[in-house]
Amino acid sequence: MMTLLSVNLNKIAVLRNSRGGNEPDVLRAARTCIEAGCGGITVHPRPDLRHIRPDDVYALAERLPADIEFNIEGNPFAPPRGPYPGLLALCRAARPAQVTLVPDNDDQLTSDHGFDLQRDANRLRPLVEEFARLGCRVSLFVDAGTRELEPAARIGAQRIEIYTGPYAHAYAQGQPDAALAACVETARRARAQGLGVNAGHDLSQSNLGALHRAIPWLAEVSIGHALICEALYEGLAPTVRNYLKILSA
């Protein structure tokens with residue numbers, strides 16, 4: 001099966017929120033990506049409402065076609081705050097196909113590390129079970145190089161998402177081999193545990209091909225920042241199609 005491309009729309013919401021109103025329109029951006037061929041839409045609402053808001057989540061859940069995967073990312077431990085009801089409540093209302101659990105907080109500009117599964121698994125277990133009861137596939141954000149993935153399988157997660165930020169940075173520096181090897185190691189260990197493998201963070205048209213060739217069994221890549229930046233020059237639909245060409249090569 002071809003690796004699914006899920007487009008992260010957070011940066012569309014950042015631009016909208018910088019001026020207020022509804023432009024650019026998150027829903028229109030989603031439609032454009034879907035019409036260009038992407039198989040999924042990702043959002044990562046945060047309690048500080050810096051980009052995607054709960055109302056965006058509800059609107060997307062209502063309007064996305066049934067054959068498009070809706071992936072909601074977030075910190076399951078972050079408590080409700082103001083309009084943000086908490087990740088579990090959001091997913092209870094939106095019923096996404098997939099929820100990706102990420103250990104981020106307000107102090108992080110963006111997600112920059114994965115779970116320590118040896119430390120966090122027991123705390124995650126009841127939440128994973130709650131999301132599963134909603135019908136959500138559960139994916140856990142982990143660092144490239146993570147070796148002990150049995151806890152993820154044991155608590156009921158179905159996938160991991162490899163944090164590819166260090167790989168993207170190393171690729172840009174012209175020295176990707178060690179970082180790519182770490183991604184491959186974790187992907188292999190996940191597959192040995194019966195876990196599906198997703199990947200995301202700082203993936204771009206320049207570095208995606210090498211990652212995909214090294215891990216051809218990737219189930220999904222979630223791409224936002226680079227894709228939206230590239231779309232400023234190339235257009236959103238052509239950029240999505242460029243990514244699909246890379247994944248189909």
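Under the 4.5 Å side-chain criterion, counting only non-hydrogen atoms from C-beta, Phe77 is not in contact with Pro103. Looking only at side-chain heavy atoms (C-beta outward), Asp120 and Pro151 stay at 4.5 Å or farther from each other. Two residues are said to be in side-chain contact when any heavy atoms from C-beta on lie closer than 4.5 Å; Pro83 and Leu49 meet this criterion. Side chains of Leu236 and Ile228 form a contact here, defined as non-hydrogen atoms less than 4.5 Å apart.
In this structure a side-chain-to-backbone donor-acceptor pair under 3.5 Å is missing from Asp143 to Gly145. Between the side chain of Asn22 and the backbone N or O of Asp25 there is no donor-acceptor pair closer than 3.5 Å. Judged purely by atom type and a 3.5 angstrom limit, Gln158 uses its side chain to pair as donor or acceptor with the backbone of Val138. A donor-acceptor pair under 3.5 Å links the side-chain atoms of Thr164 to the main chain of Gly200, judged by distance alone. Proximity of a side-chain donor or acceptor of Thr186 to a complementary backbone N or O of Cys183 within less than 3.5 Å is not detected. Looking only at distances, a side-chain donor or acceptor of Thr3 sits under 3.5 Å from a matching main-chain atom of Leu218. Of the possible polar contacts, one joining the Ser248 side chain to the Leu244 backbone as a donor-acceptor pair under 3.5 Å is found.
Put simply, Val7 and Val14 are part of two different groups of oily side chains (I, L, V, M, F, W, Y) that touch within less than 4.5 Å, one to the next. Tracing side-chain contacts under 4.5 Å through hydrophobic residues (I, L, V, M, F, W, Y), one reaches Leu227 starting from Ile68; they form part of the same cluster. Ile223 and Tyr163 fall into different hydrophobic clusters, where Ile, Leu, Val, Met, Phe, Trp and Tyr are joined by side-chain heavy atoms under 4.5 Å apart, directly or via other members.
Of all heavy-atom pairs spanning Tyr58 and Ala93, the tightest one is CE2-CB, 3.8 Å. Between Pro85 and Leu90 the shortest heavy-atom distance is CG-CG, 3.8 Å. Ala190 and Val197 make their closest contact through CB-CG2, 3.8 Å (heavy atoms, listed as atom of the first residue, atom of the second, distance). The shortest non-hydrogen separation linking Ile246 to Gln205 is CD1-O, 3.6 Å. For the residue pair Arg241 and Ala36, the shortest heavy atom distance occurs at CG-O, 3.5 Å. Taking every heavy atom of both residues into account, Tyr167 and Asn207 meet most closely at OH-O, 2.6 Å.
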Evaluation steps, side chain to side chain contact (heavy atoms under 4.5 Å, CB included), between Leu134 and Arg92:
CA-CA 7 Å; Leu134 296 178; Arg92 189 173 287 121; 4.1 Å; yes
Any chance you could lay out the side chain to side chain contact (heavy atoms under 4.5 Å, CB included) test for Leu5 and Val240, step after step, and finish with the verdict?
CA-CA 9 Å; Leu5 172 65; Val240 169; 4.0 Å; yes
For His51 and Asp56, what are the C-alpha separation, side-chain angles and deciding distance, and is it a side chain to side chain contact (heavy atoms under 4.5 Å, CB included)?
CA-CA 10 Å; His51 35 58; Asp56 297 317; over 6 Å; no
Where do Asn198 and Glu161 land on the side-chain hydrogen bond (donor to acceptor under 3.5 Å, both in side chains) test, with the steps shown first?
CA-CA 4 Å; Asn198 298 342; Glu161 179 175 327; 5.0 Å; no
Could you go through the side chain to side chain contact (heavy atoms under 4.5 Å, CB included) check for Glu73 and Leu101 one step at a time?
CA-CA 6 Å; Glu73 302 178 341; Leu101 307 185; over 6 Å; no
Apply side-chain hydrogen bond (donor to acceptor under 3.5 Å, both in side chains) to Asn10 and Arg50, showing your working.
CA-CA 9 Å; Asn10 282 9; Arg50 69 179 77 168; over 6 Å; no
Worked check of salt bridge (charged side-chain N to carboxylate O under 4.0 Å, His left out) between Arg189 and Glu148
CA-CA 8 Å; Arg189 289 179 178 272; Glu148 297 298 327; 5.4 Å; no
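For Arg154, the CZ atom sits in a packed shell: over 12 heavy atoms of surrounding residues, nucleotides or ligands are nearer than 6.0 Å. Atom CZ of Arg19 sits in a sparse spot, with 12 or fewer heavy atoms from other residues, nucleotides or ligands closer than 6.0 Å. Residue Gln118 qualifies as enclosed at atom CD: its count of foreign heavy atoms under 6.0 Å is above 12.
Between the side chains of Glu220 and Gln98, at least one donor-acceptor pair of N or O atoms lies under 3.5 Å.
Among Asn8, Ile41, Leu203, the one residue that satisfies the side-chain contact (heavy atoms from CB on, under 4.5 Å) test with Ser222 is Asn8.
In this view, Ala94 and Val57, Ala61, Phe70, Ile72, Pro96 satisfy the side chain to side chain contact (heavy atoms under 4.5 Å, CB included) rule, not counting sequence neighbours.
Remark: aromatic rings of Phe141 and Phe115 are distant, center separation not under 6.0 Å.
Salt-bridge check for Glu185 with Arg147: passed, with a basic side-chain N closer than 4.0 Å to an acidic carboxylate O.
With Tyr84 as the aromatic partner, Arg46 does not meet the cation-pi criteria of under 6.0 angstrom to the ring centre and within 45 degrees of the ring axis.
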